[in-house]
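The next block holds one structure in the form of structure tokens; read it before the comments.
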2 protein chains.
Amino acid sequence: MATINDIAKLANVSKSTVSRVINNYPDVNEKTKQKIIKIMQENNYWPNTMARSLSTNKSYTIGMFVPTNLNNFFFREVIQGIEYTLGKHGYDLLYFTHQKTMRFYMDTGIKFNFVEKSSDKNVDGIIMLGFNMKNIARFNKLIKSKIPTVFIDVKLTGERASYIISDNEKGAIKAVEYLISLGHQKIGLLLGPEEVKPTQDRLSGCKKVFEKYGLQVKTDWLYHTEYTLEDGYKSMKEILTMTDRPTAIFGEDMMVIGAIRAARDAGLSVPEDISFVGFDNIELSYHYNLTSVNQDQYKMGEKASELLMKIINEEEFNPIVLPVNFVERTSCRYLRN
Amino acid sequence: MATINDIAKLANVSKSTVSRVINNYPDVNEKTKQKIIKIMQENNYWPNTMARSLSTNKSYTIGMFVPTNLNNFFFREVIQGIEYTLGKHGYDLLYFTHQKTMRFYMDTGIKFNFVEKSSDKNVDGIIMLGFNMKNIARFNKLIKSKIPTVFIDVKLTGERASYIISDNEKGAIKAVEYLISLGHQKIGLLLGPEEVKPTQDRLSGCKKVFEKYGLQVKTDWLYHTEYTLEDGYKSMKEILTMTDRPTAIFGEDMMVIGAIRAARDAGLSVPEDISFVGFDNIELSYHYNLTSVNQDQYKMGEKASELLMKIINEEEFNPIVLPVNFVERTSCRYLRN
DNA sequence: TTGTAGGCGTTATCAC
DNA sequence: GTGATAACGCCTACAA
């Protein structure tokens, strides 16, 4: 690959001049500029980003940390939004893998964490996707650092850190209000782990509505599990053994879909025998005709990226709360009292 | 962030010595080594990768190009395998976004393509995921370059390029043999675009089996579409209007699932009225009880990454053909003649 | 408008 | 074992 020096020699100018045209500075004679560009083309020259980064401290790449794996209905839509938006701004996306080993000297005891990895790869900013509030101290160093950061679904801010989250409480309120408007009073809840902020907000939304109508959360009907089909299936199987059981289930899509499968396996039909409302509106909900609260995941990725760009440019740091909407399908029925 | 110079000064040694311990070279006095490591820890020193890359020409990151979007049942499992394996080897994954604009000087007419982008970000190798054979010339420069490359599902090799692909022909053979063993003779085919290598191989597998049993591909029953639910749905609707229609459908999962939906919407039940076999065994097949030829996508990512590591280390360049297996569910029935 | 020289943080090649 | 010094490819004062 040709370097700036090669081009300079061929064009009979100094490399500063070449650098000027690379960076599109004014004050370059139009003729020399054209001459240089021509030579660049002929030699298929492209500036080396590492070298540029070294002097400018800009890499035009954004890092992303994901604690579990990418293989998740929710994440991948978010990531698509991120991908697209970052591309629009000329950035690439570095996915930090889960490295078991560290190259470079061992046993120094230095924790190779978010901050180190980020400065190691010299990313211009980072996106934190899929973390929960458990062990929140691990983010301390990061949010105190100068690294522009956007958290998705974790309410954390810092000097140059902010977050984006959906209006989970309002979404849950909509969902439960909907069920109640259909005549349901006995509502089971299938939610994610307690330390996850969105889950907390959703539960608090439920409670508000329950309270409003003089109902209360029945702990027997409240499950906190991982976001898996299997866990939803298990929870529902338990519920089905109860003598006093809910007429409707609200929860997060993955678990609710597991629950639907359990109900069907038990010979019940949906929505005739039992109603379901989900939260997230993942792609799979469509296939189950599941009524669900829709988070715009794509937009989430988009807005997260834009917020990050703004933090990088020191324009704006305010957290974003994304509105949700309700997608009605056919998983609920009207309950005559 | 502390630099190698800071550490050198604090330790009262030259930076060469510090560099030696960074790289774990022998020939460093154990005492000075320990002293230096201690100082590194105290100052939370971490070497700057850009600078290292600049002199070593190694970045410990692998680039990945994906022509469409990541949001796809098949890709995301492959990517998971890639992610995991790369992490195991100490590499991160750079996802090249689809950049509409180019930062850096404009109008030079230089094509900013695979090779340029890769050397721009100085990746150690690249993985090409989701490309087809259409306009195959665009890969010329890449496969002639020195950049270690692995293609997934495109049979292309080069000086330092190789590929991985599933044994699609054998998979199709299994599927069609299965249908025939159940008594089906009239088989409709719902496949992807003709220029996609796996699709070509699958079709050729079908043809072989057909031939063996004295059958032939009925062009009315052969569809080449995009990999979407909608296209499968449409194709099936057409098929359903025919007076002479197939008793079974074989095709790629996404389209087959669309077809199942179309059949159901038309009041048919599966498998009583019509049988289906898919190819890919994407996650969704499980939800439709679809019998499907399983490609091990995770392993595909894993093997692709390992092959790339080997190419980088100049150990091995041979293409990999991955075996497939058959996952029987309940979407087919035995047809009495 | 252009050139010179130093710097970004490393590694590598010599000497000592 | 260790230390200078050049080199990696680019950017940025400062001079001219």
Side-chain angles (χ1 to χ4, degrees), chain A residues 1-37 39-40 43-61 103-105 116 118-124, chain B residues 1-37 39-40 43-61 103-105 108 116 118-124 146:
Chain A
M1 275 283 172
T3 75
I4 197 175
N5 271 309
D6 302 332
I7 303 299
K9 271 178 203 152
L10 289 169
N12 240 310
V13 296
S14 76
K15 54 182 181 174
S16 345
T17 306
V18 179
S19 178
R20 285 185 187 102
V21 356
I22 288 177
N23 294 288
N24 219 273
Y25 283 2
D27 301 346
V28 179
N29 182 301
E30 192 57 30
K31 268 197 177 163
T32 43
K33 179 170 176 176
Q34 290 312 325
K35 181 174 71 179
I36 291 173
I37 287 183
I39 291 177
M40 284 173 167
N43 295 72
N44 224 283
Y45 168 76
W46 196 267
N48 177 313
T49 309
M50 298 297 137
R52 300 189 91 192
S53 300
L54 194 56
S55 41
T56 59
N57 219 20
K58 261 294 244 178
S59 65
Y60 286 97
T61 112
R103 60 178 189 290
F104 166 53
Y105 63 94
E116 289 77 14
S118 303
S119 32
D120 178 50
K121 294 284 183 168
N122 201 30
V123 293
D124 296 340
Chain B
M1 277 281 176
T3 75
I4 197 174
N5 271 309
D6 302 332
I7 303 300
K9 270 177 203 151
L10 288 170
N12 242 308
V13 295
S14 76
K15 55 182 180 174
S16 330
T17 305
V18 178
S19 179
R20 286 188 185 100
V21 356
I22 289 177
N23 294 288
N24 219 275
Y25 283 2
D27 299 346
V28 179
N29 182 302
E30 191 57 30
K31 266 198 178 163
T32 43
K33 179 170 176 177
Q34 290 311 325
K35 183 174 71 179
I36 291 173
I37 287 183
I39 292 177
M40 284 174 166
N43 295 70
N44 224 282
Y45 167 77
W46 195 267
N48 178 312
T49 309
M50 297 298 134
R52 300 189 91 189
S53 301
L54 193 57
S55 41
T56 59
N57 218 20
K58 260 294 243 178
S59 64
Y60 285 97
T61 111
R103 60 178 191 291
F104 167 48
Y105 64 95
T108 62
E116 289 76 14
S118 303
S119 31
D120 178 50
K121 295 283 183 171
N122 199 31
V123 294
D124 296 340
K146 298 275 185 193

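Order of the sequence lines sets the chain letters (A, B, ...), proteins ahead of strands, with each chain counted from 1.
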[atom1] of [X] versus [atom2] of [N]: gap in Å, rounded?
X	N	atom1	atom2	value
Asn24(A)	dC11(D)	CG	C1'	15 Å
Ile36(B)	dG3(D)	CD1	C1'	12 Å
Tyr25(A)	dG3(C)	OH	P	17 Å
Tyr45(B)	dG9(C)	OH	C1'	7 Å
Arg20(A)	dC14(D)	CZ	P	14 Å
Gln34(B)	dG1(D)	CD	C1'	16 Å
Ile4(A)	dG7(C)	CD1	C1'	14 Å
Asn48(B)	dG9(C)	CG	P	7 Å

Does [N] have OP1 or OP2 sitting under 4.0 Å from an N or O in the side chain of [X]?
X	N	result
Asn23(B)	dT11(C)	yes
Thr17(B)	dG3(D)	yes
Thr56(B)	dA12(C)	no
Ser19(B)	dT11(C)	yes

Please determine if Lys58(B) and Asp124(B) form a salt bridge, counting it only when a charged side-chain N lies under 4.0 Å from a carboxylate O.
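Answer for the salt bridge query: yes.
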Looking across every strand, which nucleic acid part, if any, lies under 4.0 Å from [X] by heavy atom: base, sugar-phosphate, or nothing?
X	value
Asn29(A)	sugar-phosphate
Ser53(A)	nothing
Val13(B)	sugar-phosphate
Ser16(A)	base

In a check of side-chain contact (heavy atoms from CB on, under 4.5 Å) between Tyr25(B) and each of Val21(B), Asp27(B), Ile22(B), Asn23(B), which one passes?
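Option passing the side-chain contact (heavy atoms from CB on, under 4.5 Å) with Tyr25(B): Asn23(B).
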Check this for me: does the side-chain of Ser55(B) come within 3.5 Å of the base of dT11(C) through a donor and an acceptor?
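Per atom types, no contact qualifies.
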Do Ile39(A) and Tyr45(A) pass the side chain to side chain contact (heavy atoms under 4.5 Å, CB included) test, and can you show the C-alpha distance, the side-chain angles, and the key distance before you say yes or no?
CA-CA 8 Å; Ile39(A) 291 177; Tyr45(A) 168 76; over 6 Å; no
Quick check for you: among dC10(D), dT4(C), dT1(C), whose closest atom lies nearest to any side-chain atom of Arg52(A)?
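Ranking dC10(D), dT4(C), dT1(C) by closest atom to the Arg52(A) side chain puts dC10(D) first.
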Name the closest nucleotide to the Asp27(A) side chain, picking from dT1(C), dT10(C), dG9(C).
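Of dT1(C), dT10(C), dG9(C), dT1(C) is nearest to the side chain of Asp27(A).
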So does Thr3(A) get a backbone contact from the side chain of Asp6(A), meaning a donor-acceptor N/O pair under 3.5 Å?
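Indeed, once roles are kept as given, a pair shorter than 3.5 Å links the two residues.
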Show the numbers, then the answer: is there a side-chain hydrogen bond (donor to acceptor under 3.5 Å, both in side chains) between Ser59(A) and Asn122(A)?
CA-CA 6 Å; Ser59(A) 65; Asn122(A) 201 30; 4.9 Å; no
